[in-house]
Q: 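Before I ask anything, let me first share the structure, which is written out below as structure tokens.
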Amino acid sequence: TDPLAFGYTDGVITAIIVGGTPIDGTRYHVTWTNNSSGEVLSSVTNTINPFVTTLYNVGKGDYKLSVTDANHATTKSGAEGCIVEETISLKEPPKLEVAIEEHHFINCKGMSNGELRAVAKGGIEILRKRYIYEWFRQTESGWELLKSQKEDLATHLRNGVYQVQITDKNGISKKSEPFHLVEPEKLTVVLNSSPSACSGSKTGHITATIAGGTPPYRIEWNTGSASTTTTNIIPLESLLAGNYFALVSDSRTCRAEATIAVTTPNPIELKDIKVTEPTCSGGFDGSIHFNTIGGTPQYTYLWTNTTQQDL
């Protein structure tokens with residue numbers, strides 16, 4: 001019987017001896033030797049009726065069995081029929097190994113669509129299924145068995161640390177190193193606006209600041225403008241006053257949206273205009289009084305007369 005696993009020393013060799021002239025009518029003299037080292041091995045048991053010799057607790061390698069009977073001592077060395085030798089080889093399975101690979105990422109924050117694959121080899125495979133798979137997720141209290149995950153591909157996984165154990169046909173098990181399945185940070189977009197300078201002018205400005213998700217990003221505005229970028233700050237310029245909407249999607253189809261208003265000052269108006277004419281022809285005691293509203297204080301005034309002369 002070969003060793004159950006790579007590096008194991010649980011191999012067993014059993015031989016039934018018949019013929020010749022048994023010692024005391026029941027037994028033979030047997031010697032087991034490790035062919036590689038020449039060491040005579042002592043982990044041997046012998047039973048009679050029939051005579052069975054068993055070598056146990058050995059690993060892979062070549063082992064020689066030498067058997068002599070009662071007449072061996074009285075015959076010439078190497079006489080046929082009084083001694084028999086046989087070499088038996090034991091093989092061990094390949095080393096059982098398993099590692100976890102990410103098969104599908106988690107698209108967005110809070111989703112449970114990640115997939116992990118157990119990449120396994122070695123040992124003695126089970127027909128059609130190769131190995132028994134057991135998946136675990138780390139919790140605050142230890143490792144939780146995921147009873148629904150029984151294949152090499154674990155699906156519908158959320159953010160967390162995972163481990164897989166495989167068991168082969170011989171009942172030998174091997175655990176993988178822990179694997180952290182990571183989710184992206186939540187995709188967000190924040191809009192900031194600057195008002196247009198004057199009523200009716202296209203001088204408004206919006207800045208979109210994107211965070212989280214997985215670049216590159218695509219941003220679409222309700223103006224019809226759209227762009228794809230790997231940067232986090234995207235400007236939109238030359239805007240009239242109004243409400244604006246931005247839709248952002250990332251490379252994993254996560255989405256975020258925001259709205260903002262671009263404001264504008266009210267139009268400049270002159271109110272309560274009061275004109276006082278000069279008292280005499282050629283006089284300089286005339287005046288004009290009014291109140292200014294709208295726009296953005298402070299105001300600057302430029303006076304001209306009918307001859308376009310600055311006053």
Q: Would Thr203 and Ser201 count as having a side-chain donor-acceptor pair, cut-off 3.5 Å?
A: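 Thr203 vs Ser201: donor-acceptor pair found between side chains.
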Q: Given Phe179, which of Leu116, Val164, Val161 fulfils the side-chain contact (heavy atoms from CB on, under 4.5 Å) condition?
A: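 Among Leu116, Val164, Val161, the one meeting side-chain contact (heavy atoms from CB on, under 4.5 Å) with Phe179 is Leu116.
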Q: Tell me whether Tyr8 at atom OH has more than 12 heavy atoms from other residues, nucleotides or ligands lying less than 6.0 Å away.
A: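 Count not over threshold, so no.
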Q: More than 12 non-hydrogen atoms from neighbouring residues, nucleotides or ligands closer than 6.0 Å to CZ on Arg158, yes or no?
A: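 Open: at most 12 neighbouring heavy atoms sit under 6.0 Å from CZ of Arg158.
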Q: Phe6 versus Leu96: any side-chain heavy-atom pair under 4.5 Å?
A: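 Phe6 does not reach Leu96 side chain to side chain.
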Q: Counting N and O atoms only, with roles assigned by atom type, does the side chain of Asn192 sit under 3.5 Å from a partner on the main chain of Thr207, one being a donor and the other an acceptor?
A: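 It does not hold such a pair.
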Q: Testing the 3.5 Å rule here: is there a donor-acceptor pair between the side chains of Thr231 and Thr229?
A: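 Per modelled atom types, Thr231 and Thr229 side chains form a pair under 3.5 Å.
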Q: Check for me, please, whether Leu146 and Tyr133 land in the same ILVMFWY cluster - side-chain distances under 4.5 Å, paths through other members count.
A: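 Same cluster: Leu146 reaches Tyr133 through Ile, Leu, Val, Met, Phe, Trp or Tyr contacts under 4.5 Å.
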Q: Decide if atom CD of Glu101 counts as having more than 12 heavy atoms of other residues, nucleotides or ligands within a radius under 6.0 Å.
A: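 No, CD of Glu101 has 12 or fewer neighbouring heavy atoms, counting only those of other groups under 6.0 Å.
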Q: With no hydrogens and no angle check, do the side chains of Thr279 and Asp285 hold a donor and an acceptor under 3.5 Å apart?
A: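 There is such a pair between these side chains.
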Q: Within a reach of under 6.0 Å around NE2 of His156, are more than 12 heavy atoms found that belong to other residues, nucleotides or ligands?
A: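 Open.
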Q: Does Lys174 qualify as a cation-pi partner of Tyr131, given the criterion of NZ or CZ under 6.0 Å from the six-membered ring centre and within 45 degrees of its axis?
A: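 Pair Lys174/Tyr131 does not count as cation-pi.
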Q: What verdict does the side-chain contact (heavy atoms from CB on, under 4.5 Å) test give for Asp62 and Ser36, after you've listed the backbone C-alpha separation in whole Å, the side-chain angles of each residue and the deciding distance to 0.1 Å?
A: CA-CA 7 Å; Asp62 297 327; Ser36 297; 5.8 Å; no
Q: Check Glu257 with Arg255, please: is the shortest side-chain N to carboxylate O separation under 4.0 Å?
A: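 Salt bridge: no.
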Q: Begin with the C-alpha distance, continue with both residues' side-chain angles, and end with the deciding distance and a verdict on side chain to side chain donor-acceptor pair (under 3.5 Å) for Ser141 and Thr139.
A: CA-CA 5 Å; Ser141 58; Thr139 66; 3.3 Å; yes
Q: Hey, is the main chain of Ile210 close enough, under 3.5 Å, to the side chain of Asn232 for a donor-acceptor pair?
A: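 Indeed, once roles are kept as given, a pair shorter than 3.5 Å links the two residues.
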Q: Between Ser66 and Glu85, is any side-chain donor less than 3.5 angstrom from a side-chain acceptor?
A: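 Yes, side-chain donor-acceptor contact under 3.5 Å.
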Q: List the steps, then state whether side-chain contact (heavy atoms from CB on, under 4.5 Å) holds for Tyr28 with Thr53.
A: CA-CA 9 Å; Tyr28 301 86; Thr53 180; over 6 Å; no
Q: For residues His103 and Glu115, is any side-chain donor paired with an opposing acceptor at under 3.5 Å?
A: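 There is such a pair between these side chains.
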Q: If you count the non-hydrogen atoms of other residues, nucleotides and ligands that lie under 6.0 Å from CD in Glu97, is the total more than 12?
A: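 Result for CD/Glu97: enclosed.
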Q: Between Trp303 and Ile288, is a side-chain contact (heavy atoms from CB on, under 4.5 Å) present by the stated rule, with each step listed?
A: CA-CA 11 Å; Trp303 291 88; Ile288 302 174; 3.9 Å; yes
Q: Do Asp2 and Lys60 sit within salt-bridge range, that is, some charged N less than 4.0 Å from a carboxylate O?
A: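 Result for this pair is no, no salt bridge flagged.
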Q: Can you confirm whether the side chains of Thr21 and Asn71 place a donor and an acceptor under 3.5 Å from each other?
A: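 Checked: Thr21/Asn71 side chains pair up, N/O donor to acceptor below 3.5 Å.
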